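These numbers come from the heavy atoms of this one structure, side chains and all, not from hydrogens, waters or symmetry mates. On a predicted model such as this, the values are computed, not experimentally measured, just so you know. Below, chain A is the first sequence line, B the second, and so on; all start at residue 1.
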Protein chains: 2
Amino acid sequence: MATIKDVARAAGVSTATVSAVINDSAYVSAELRARVLSAVRDLNYSPSLAAQNLKRGRSQLIALVVADLANPFFSRVVWAAEAAVAAWGYSLLIFNSDEKPEVERRILARVRTLSCDGVILVPVGDSTEHLRNDPDGKPIPTVLFGRSVADYRSDTVTIDNISAGRQATEYLLDLGHTRLGTITGPLHVTTGRGRLDGMMAAMQSRGLTLESRYIRSGEFREDAAYSVARSLLEQPDRPTALYVASGLMALGVMRAVADLGLRCPGDISIASTDTIPGIGGLRPRLTRTEHPLVDMTNEAVRLLVDQIRRGGPAEPRNVVFQPSLVVGDSCAPVVAQLGPPPLSSSGSCQ
Amino acid sequence: MATIKDVARAAGVSTATVSAVINDSAYVSAELRARVLSAVRDLNYSPSLAAQNLKRGRSQLIALVVADLANPFFSRVVWAAEAAVAAWGYSLLIFNSDEKPEVERRILARVRTLSCDGVILVPVGDSTEHLRNDPDGKPIPTVLFGRSVADYRSDTVTIDNISAGRQATEYLLDLGHTRLGTITGPLHVTTGRGRLDGMMAAMQSRGLTLESRYIRSGEFREDAAYSVARSLLEQPDRPTALYVASGLMALGVMRAVADLGLRCPGDISIASTDTIPGIGGLRPRLTRTEHPLVDMTNEAVRLLVDQIRRGGPAEPRNVVFQPSLVVGDSCAPVVAQLGPPPLSSSGSCQ
DNA sequence: AAAACTCAGCTAACCGATTAGCTGAGTTCG
DNA sequence: CGAACTCAGCTAATCGGTTAGCTGAGTTTT
């Protein structure tokens, strides 16, 4: 690899001049400029980022730390973030904390070592201590994404989870359902907790309560949702409608419904929150409250770049996006359901 | 951020000693070692990668350049690669060439500037010239993934696409189908071309030919597959079975089938290649030839780390994985189909 | 015409690590 | 007892850039 010295020698100038030409940081006469540029081309010179980073104290790297890279929801975030970050001139590092706080801690140490310019973090767990990433020096610019952490002051980009749960629930209630069930995410994260709270609030305001035997909690995973959905739906007086907290879980629930021989929406109505790629191919089309995922990601990157530019976090900003109800055909009015029907024979096999 | 000098001062030793302790690169007495380690802890010191990179000429960064980050297939590759790369002590940079050769070129220049230690590349297009990433100096260690490029010498990790197409086709032929159709990927990439070739070979060896009006080509995208599937299936004498070149496309095809009011496998049998997350929730379960994706990714990372370690590419290695047939229930024997039935009324709407 | 000013381009210090080579106290041996 | 050897730990060069501050030729001012 050619260095700035090689270029300087080839062009017959000093390294300072080469640097000035490359960065447009000082006036250089047309003649020297031309000589430098042609030497750059001849030698196929490209400045070493390592050297620039060392001197400038930045790295043009942004880290994205997600809670579960196997979840297609976060895959979409990766996709959107790559584009957003590239548009601002940064490159994107990907880390997977796999919902494990101690892995998250290790990743954040690594991010610091790599001297990333900023981090977009989907925080795991409810601890807040280890997020204060630099005890002494200035902290790395950080934007929390999707989930928030109590009493941690930093920019956040989230959706209104309560509204997501409420909207979906109200849609089911409007169809006449009263015996509702839900499959929630982990209740110690805001995305899990908030959606359940929204659902309960919606029911309460109509004088209904969500029975605890119709609540199942689990991880945001397809297989977990599948098994809890089975156990929920195998109850003799199962609910007539289900609110499922995430798109990936909804896939598992649909699979459970099919395997139990139930028909959706004939036997059971299903609504969910968030969307994942490929879910559009599913029949019936899922009724769901969707996140404006691309907008959220762009906003997170924008906030982060802003922090980086101003050299430190300003007053923390909290941007909350509203989910919107997308009506599919996975829900039917309760009158169309024939009371609490038994499980069909084909599905009763264990 | 504390530097090595701060640590040296605090411990009352030279920076060389601190470096020796941290890297275990020379003998240091127990007493000094203890003093250094405690200073490191006190100051929360972590060596600057930028400085190490500059001095050592490496970056502990591996770049993964995929052809389409919106494709869930590549999302799984990202997931697997993150884990594999982390296990070897590297961090993962993600780039999306979006199937555009000129974007790929820019990305590779960026990768060079970032002085990444290696690249895993899903090559786009059939050009080979710009892949020789460093005209003069030594090239960046590279492993091509999934697709190969004619006459470009480097390690590659691929699947046997011909076998993938052949296996799926033979399965359909064994069920008695003779009027087969296919939805292929782009034919200028090996994953598109090879699968079609495998299909044709399978048919030919039974004395059948694939009629060109039953072949539709497109991008590896859900919406593209949807529309070509519609046009293919709306023909009066449509095929009785379809081979679809990718998982994402299969989702689009299933959607088209549903929207046309056709039943799968009742009216049409569908087999595909590759799998994507969420497809497991699809009913009917798709019959497909699957890639051992995690193994492939691990192997690619292993080859790459090997290249990095030995400081240059050895004799190029070509690792080809065999796809395996996973039987679902999206295919039925041809006898179960009632001749060439008309489109059902509900589906004939445009 | 000398003093004051302008400014293109150079010199050299610096960023924070690593490491070749040196120093000097302690040990071994003739 | 002094030469030869060992080796823990130090000094200083180095990686490849950026940039404060200097230089000296050309222009303006008085």
Ignoring backbone atoms, test whether A:Ser29 places a side-chain nitrogen or oxygen under 4.0 Å from the OP1 or OP2 oxygen of C:dG9. yes
Let me know the distance between CD1 of A:Ile22 and P of D:dG17, rounded to the nearest Å. 8 Å
Comparing nearest nucleotides in DNA chain D, the 5'-proximal residue of the pair A:Ala16, B:Ala16 is B:Ala16
Of the nucleotides C:dG9, C:dA17, D:dT18, which one has an atom closest to the side chain of A:Asn23? D:dT18
Is it true that a side-chain atom of A:Ser48 and a backbone atom of A:Ala51 form a donor plus acceptor pair closer than 3.5 Å? yes
Scan A:Val18 against the nucleic acid and name what it touches under 4.0 Å (heavy atoms): base, sugar-phosphate only, or nothing. nothing
Nearest-Å distance for atom pair CZ/P, residues A:Arg35 and C:dA8: 16 Å
For D:dC10, does either OP1 or OP2 sit under 4.0 Å from a side-chain N or O belonging to B:Thr17? yes
For atom NZ of B:Lys5 and atom C1' of D:dA12, their distance in whole Å: 12 Å
Picking from C:dA17, D:dT11, D:dG16, the nucleotide nearest the side-chain atoms of A:Leu54 would be D:dG16
Does D:dG16 have OP1 or OP2 sitting under 4.0 Å from an N or O in the side chain of A:Gln52? no
With the side chain of B:Ile4 defined as its heavy atoms from C-beta on, choose the nearest nucleotide among D:dG17, C:dA8, C:dA17. C:dA17
Please give, in whole Å, the distance from D:dG17 C1' to B:Leu114 CG? 15 Å
B:Tyr45 side chain near C:dA17 phosphate (N/O to OP1/OP2, under 4.0 Å): yes
For atom CG of A:Leu43 and atom P of D:dG16, their distance in whole Å: 14 Å
Distance check: side-chain N/O of A:Asn53 vs OP1/OP2 of D:dG17, anything under 4.0 Å? no
Please report the distance, rounded to the nearest Å, between NZ in A:Lys55 and P in C:dC14. 9 Å
Distance-only, no hydrogens or angles: does the B:Glu99 side chain make a donor-acceptor pair with backbone N or O of B:Val124 under 3.5 Å? no
What is the separation between atom CG on B:Asp24 and atom P on C:dT19, rounded to the nearest whole Å? 13 Å
SB check B:Glu31 B:Arg35 (cutoff 4.0 Å): yes
Please confirm whether the backbone N or O of A:Arg302 pairs with a side-chain atom of A:Asp306, one donor and one acceptor, at under 3.5 Å? no
Can you tell me the distance, in whole Å, between the CZ atom of A:Arg56 and the C1' atom of D:dA20? 16 Å
May I ask you to say whether A:Lys100 pairs ionically with A:Glu102, meaning some side-chain N is under 4.0 Å from a carboxylate O? no
Start at the 5' end of DNA chain D and walk down; is the nucleotide closest to B:Ala51 or to B:Tyr27 reached first? B:Tyr27
Between A:Asp6 (side chain) and A:Thr3 (backbone), is there a donor-acceptor pair under 3.5 Å? yes
Under 4.0 Å from OP1 or OP2 of C:dC10: is there any side-chain N or O of A:Ser14 that close? yes
Using only side-chain N and O atoms of A:Ser19, determine if any of them is under 4.0 Å from OP1 or OP2 of D:dT18. yes
Sugar-phosphate only, base, or nothing, as touched by B:Leu49 at under 4.0 Å among non-hydrogen atoms: nothing
